[in-house]
Amino acid sequence: MKRTAVALALLAWAAQAWAWQQIESERVRVLYPDQALSPYAEEVLLEAEAALDVLEPLFGPREGRVVLRVNDAVDWFNAYATPVPRRTVELLAPVPAGPLIDLRSPSVTYLLLVHELTHTRQLTYRELPGGRRPVRLGLVTELSAPMPPAWFVEGVATYMESRYTPGGRLDWAYTQGLVNALLEEGTFPDLVEMSLYTYSEWPSGQARYLLGVRFVQHLIERHGWDAVLATLRQYNAGLLAPPSFATAWERASGTALADEWAGWVARERERSAAYAALAQPTGTLLAAGRRPAVSPDGRRVAYWNGGYVWVANADGTGARRLARVRPQRLWWRDGNTLVYSRYVREGDGATSDLFALDAVSGREVRLTHGLHARLGAPGPDGCLYFVRERAGEPATLGRWCEGRVEEVWRAPGREHLVGLALSPGGRVALAVAHGGVVDIALLEGGRLRYLAAGPLDLEPPAPPPDPCAGGGAALGDCFARDRYQHLQPSWDGDANLLFVADEGGVFDLYRIELPEEKITRLSASLGGVVDAAARDGEYLVAEVGGEGHALRWLAPLNASVRLRAPRPANYALFCDADAPRAQAAEAPGRPGGGRWGCGDQALEGWRVPERRVRHDAYRPWSSLKPYGWLLYPTVAGDEPAWEASVYGLDDSQFYSYRFSVGYAPVGQNAYGYLALGMGAGVDLVGPTRPLGFTLRAGAWPSGGGVAFGVVPGLASAGAWDRWNWWAGVEAGPVWSAGAGWQAEYRGFARAGREDRDPWGYLTGGGYGGVYAGSGYAWGLAGAAWRPGSQSSFTLEARLLGGYGTPVLLGAAPVGDGLGGEARLRYALKPEWRSVDGWMALERLTLAPAAHLRYDPAADRWGYGADLGVYADAVLFYVAPLPLGLRAGWDGGWWWRLELGAW
């Protein structure tokens, strides 16, 4: 019976990929893990087809279907696109928790698909000058074009999301506020900085999106889309490496990229000057940070900054760092406890759950497990309220009361809850995204009562950039960009409801006074107010600044504001299932000519055309054919050798394989073997899940010759919140001419809570592991400490030990006995860069080290010292490359080249 149960469990595990379902059309295949997600998957497929309708005319004919994979194990909103091994997009949660992205598109999924499918087309656009096609050799990277700078990759995709939806981040209020603040405070990055994937100054990774989209729009407005394609053709023309992107642009357009940058910055400076002329002083700086919360007695404030929750006195003094967490919003539950929801990594997924944080001790307590609770906020009854919305499910408002969970309200199908706040008297305020607008509403008697339902009667000081201006007009029909967003509800007592709105061009703070619903503008900020908390008529706000977000006690503007065109009370943003739907004529091949709405109250949007689709159970065979090969150096025994491999990975990323052939100089033997993975990546392909299976069969170098055998194994990788683990074991019988039959085995387990920089250096935290194998066994533990986040110094140490055959681990050999090493790293920042950041030396790392070893066989101690010098470069914009030389003395002088320190 036990054997039968084990066999059934193994079969169930091995059939994970077979449990996937799929729906496919002519150009798109959507994989989803649960039959209940079938309607959602069909909606995704139709919107992907509509996105391809507008993108394919821009990039030319496709090659094969695009694969979309729905990942319902992750609660945060995002998507990832890759051209290898095929054009693939992985979709995570369907809506964001809060205003993380522009929400003016009637479907944020469609906006996301336009963005990610642009990546799949641009990153595989390999055409050469004159329309020539590249030579095909079948390499694993054959579909991939050379990587342009990060600002261009993300700027083009963000431009397309802004061009083909009524929203997008081109004219997003946050983007305009950021540009204003950077220019006003003199912290605007230059073209080289924005080109670097490793750019870490404010606004770091956001620069490539929010500044990149504006620069790309400027280029397209002046030169048209054809100049973009011509630049990519020139960039693809390098024989071994692409030319500088600036060179490619100048060859294609006839203008210098540096001159274009200077002209764009001048335009932005002129626009920002109009904002600066009308901006009002915000208030006295309290601290750097976001997500402010004022304690019930008004004496303390909590906020988030630099990855930590902080608590300080109301005047900013006495600031204490409590816990390293990233809350979606912060709230005081009582005078000593903060509550919030945040994401928790678990296995190979991530859930959003509720937490409490002691404001005195800094101890965090997890209140729920796997609840998928977002935007957690306290109610006056002591319960915590939350929003839940997952793929294929309607949005719901829930309540958690000391372990008891209940549903309070279920939203209609196309209303998304992106903000939540409860007043001291229990009034529930929601930010509701629907139909391309975001409204503030009260939940009363099981129904929503919308407040300020319509745009505020405000105009931005300067016209925003237009994705349809100049050369952008040739890309087809345009949307009216007249949507609005009312976000981030927060209460001041029971009669005053705060929110931020974007009609003024940047986000600013407003107040609705109940019951008369009078609207007052409280700020006219240059950078924009993105968060607020209140206590008895005093407002603590987070403002976008040139060096980050700044917390200030607001000097309120107190200007009365009216609605420009209030929406009728019976206005229907979306039709009921049985209501007539108004549809205008659609422009051929382009979404955008239709209208969503009921009767004559249609809301401009788009009509997704019908497609022929087919539902089916997913079978991996069609995607398991080899997708490419590589030839690479390896080691056979102690001799250098070469090996060639072909690779395969199915669309669910569950099954992977590598078939390798090579030649072993030791013994002068050719060999070949097959490595298989089920839920476990094989070298270059496939992720490893919390439990995976591997199999190696054939002949491979072993000892002084070639061994034949079959070696099965288990592999595991995942996360416990902020901890990571990796583990694997494989064992099996092998035969070689020199040793006959013997057991070959190896295994390891490693876990850590580590902070690493873009080049892979450990900058904080630690790790530990144990390793074992045929002829050797050893262990390893390490840790690093840095005195401050901006410090150039890092102290790193590790302990290792073993017996038997010495084994190479990273850069340091581990042999008999026990060893300890300590290294002090110091970073110089020469910032030697090419004209547009195509190649850059960002840092020189000097790393003197001392080490002590004990040899049990000789019963003696040894010691030594060395110095490492590492050039931390960035290659082709996106590839951090730490190349170093390490030399020293340990019983004799030695030196070696290293790729990364430890």
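The structure presented is a predicted model; accordingly, all values stated were derived computationally and were not measured. All residue numbers refer to positions in the sequence shown, counting from 1.
- The heavy-atom pair separating Trp331 from Pro489 by the smallest distance is CH2-O, 4.2 Å.
- Comment: Arg535 does not engage Asp492 in a salt bridge, judged by the lack of any side-chain N to carboxylate O separation of less than 4.0 angstrom.
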Inset, instruction - List the steps and the verdict of side chain to side chain donor-acceptor pair (under 3.5 Å) for Thr763 and Asp757. - result: CA-CA 7 Å; Thr763 59; Asp757 66 14; over 6 Å; no

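- Rounded to the nearest 0.5 angstrom, Arg320 CZ and Trp310 CH2 are separated by 10.5 Å.
- At a cut-off of 3.5 Å, with distance as the only test, a side-chain donor of Asp508 or Ser523 sits close to an acceptor on the other residue.
- Within the 4.5 Å cutoff, the side chain of Leu522 has no heavy atoms near those of the Val529 side chain.
- In this structure, Gln206 CD and Leu211 CG are separated by 9.0 Å, a value rounded to the nearest 0.5 Å.
- Within the 4.5 Å cutoff, the side chain of Val418 has no heavy atoms near those of the Val432 side chain.
- The aromatic ring centres of His549 and Trp202 sit less than 6.0 Å apart.
- Of all heavy-atom pairs between Thr165 and Ser105, the closest is CB-OG, 3.9 Å.
- Looking at every heavy atom in both residues, Trp172 comes nearest to Pro99 through CZ2-O, 4.0 Å.
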Legend entry - side-chain contact (heavy atoms from CB on, under 4.5 Å) assessment of Phe507 paired with Val544: CA-CA 9 Å; Phe507 285 120; Val544 179; over 6 Å; no

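- A pairwise comparison of heavy atoms in Arg214 and Asp171 identifies NH2-CA, 4.2 Å as the closest pair.
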Legend entry - Test side-chain contact (heavy atoms from CB on, under 4.5 Å) applied to Leu420 and Leu422, step by step: CA-CA 7 Å; Leu420 169 66; Leu422 281 92; 4.0 Å; yes

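- Using bins of under 30°, 30° to 60° and over 60° for the plane-to-plane angle, the ring pair Tyr209/His115 lands in the parallel bin.
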Inset, instruction - Check the pair Trp332 / Val339 against side-chain contact (heavy atoms from CB on, under 4.5 Å), numbers first and verdict last. - result: CA-CA 6 Å; Trp332 288 87; Val339 292; over 6 Å; no

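- Of the charged side-chain nitrogens involved, at least one lies within less than 4.0 Å of a carboxylate oxygen, so that Arg366 and Asp353 count as a salt-bridged pair.
- With hydrogens and angles ignored, the 3.5 Å screen pairs no side-chain donor or acceptor of Thr368 with any backbone N or O of Leu371.
- A salt bridge is absent between Arg269 and Glu184: the closest approach of a Lys/Arg side-chain nitrogen to an acidic carboxylate oxygen does not fall below 4.0 angstrom.
- Around atom OH of Tyr197, no more than 12 heavy atoms belonging to other residues, nucleotides or ligands sit under 6.0 Å away.
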Inset, instruction - Please report the C-alpha distance between Tyr539 and Leu498 in whole Å, then the side-chain angles of each, then the deciding distance to 0.1 Å, and finally whether the side-chain contact (heavy atoms from CB on, under 4.5 Å) criterion is met. - result: CA-CA 10 Å; Tyr539 311 106; Leu498 309 181; 3.7 Å; yes

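- Remark: Glu407 CD is packed, more than 12 non-hydrogen atoms of other residues, nucleotides or ligands lying under 6.0 Å away.
- A donor-acceptor pair is defined here as one N or O able to donate and one able to accept, closer than 3.5 Å; such a pair exists between the side chain of Trp553 and the backbone of Ala314.
- Here the side chain of Arg271 pairs a donor or acceptor atom with the backbone of Pro463 at under 3.5 angstrom.
- Without hydrogens or angle criteria, Arg208 side chain to Met194 main chain gives no donor-acceptor distance under 3.5 Å.
- Ser200 places no side-chain N or O within donor-acceptor distance of the main-chain N or O of Ser204, the cut-off being under 3.5 Å.
- Under 3.5 Å, the side chains of Tyr340 and Glu364 contain a donor-acceptor pair of N or O atoms.
- A donor-acceptor contact shorter than 3.5 Å is absent between the side chain of Asn313 and the backbone of Gly316.
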Inset, instruction - Decide salt bridge (Lys or Arg N to Asp or Glu O under 4.0 Å) for Asp531 and Arg290; before the verdict, give the C-alpha distance in whole Å, the side-chain angles of both, and the deciding distance to 0.1 Å. - result: CA-CA 7 Å; Asp531 296 308; Arg290 283 202 66 175; 2.7 Å; yes

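- Between Gln176 and Asp502, the side chains place no donor N or O within less than 3.5 Å of an acceptor N or O (distance only, hydrogens not considered).
- Atom CD of Glu547 has 12 or fewer heavy atoms from other residues, nucleotides or ligands within 6.0 Å.
- Put simply, the side chain of Phe188 reaches to within 4.5 Å of the side chain of Val179, judged on heavy atoms.
- Side-chain contact between Ile519 and Leu563: present, with at least one pair of heavy atoms (C-beta onward) separated by less than 4.5 Å.
- Put simply, CD on Glu503 and CG on Asp482 are 11.0 Å apart, with the number rounded to the nearest 0.5 Å.
- Looking only at distances, no side-chain donor or acceptor of Arg552 sits under 3.5 Å from a matching main-chain atom of Leu554.
- Looking at heavy atoms from C-beta onward, Arg267 lies out of side-chain contact with Val265 at the 4.5 angstrom threshold.
- Not a single donor-acceptor pair under 3.5 Å links the side chain of Trp491 to the backbone N or O of Asn496.
- Contact annotation: the side chain of Leu182 approaches that of Pro203 to within less than 4.5 Å [non-hydrogen atoms, C-beta and beyond].
- Distance check: Leu196 CG to Glu201 CD gives 11.5 Å after rounding to the nearest 0.5 Å.
- Contact of the Val541 side chain with the Leu551 side chain is not registered, since no non-hydrogen atoms from C-beta on lie closer than 4.5 Å.
- With a 6.0 Å radius and a threshold of 12 heavy atoms from other residues, nucleotides or ligands, Arg363 has its CZ atom at or below the threshold.
- Interatomic distance, Arg163 CZ to Asp466 CG, rounded to the nearest 0.5 Å: 8.5 Å.
- Although no hydrogens or angles enter the test, the distance criterion places a donor-acceptor pair under 3.5 Å between the side chain of Ser162 and the main chain of Thr158.
- Ionic pairing of Arg511 and Glu513 is present here: one or more N-O contacts between side-chain nitrogen and carboxylate oxygen are shorter than 4.0 angstrom.
- Outside the 6.0 Å centre-distance limit, the rings of Trp400 and Phe386 are not counted as a close aromatic pair.
- We find that Arg562 and Asp457 are joined by a salt bridge, their nearest charged nitrogen and carboxylate oxygen being less than 4.0 Å apart.
- The two atoms that bring Arg291 and Pro327 nearest to each other are NE-O, 2.7 Å, heavy atoms only.
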Inset, instruction - Under the salt bridge (Lys or Arg N to Asp or Glu O under 4.0 Å) rule, what do Arg449 and Asp439 come out as? Steps first, then yes or no, please. - result: CA-CA 10 Å; Arg449 177 164 71 92; Asp439 281 316; over 6 Å; no

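- The number of heavy atoms from other shown groups lying within 6.0 Å of CZ (Arg324) does not exceed 12.
- Residues Gly505 and Tyr275 share a closest heavy-atom pair of CA-OH, 3.3 Å.
- Annotation: side chain of Glu268 is in contact with side chain of Leu183 (closest heavy-atom distance under 4.5 Å).
- A cation-pi arrangement, defined by a distance under 6.0 Å to the six-membered ring centre and an angle within 45 degrees of its axis, is absent between Arg521 and Tyr510.
- Taking a cutoff of 4.0 Å between a charged side-chain nitrogen and a carboxylate oxygen, Asp75 and Arg390 qualify as a salt bridge.
- Salt-bridge check for Arg342 with Asp721: passed, with a basic side-chain N closer than 4.0 Å to an acidic carboxylate O.
- Under the 3.5 Å distance criterion, the side-chain polar atoms of Arg104 are left unmatched by any main-chain donor or acceptor of Tyr484.
- To the nearest 0.5 Å, the span separating NE2 on His434 from CD on Glu415 amounts to 6.0 Å.
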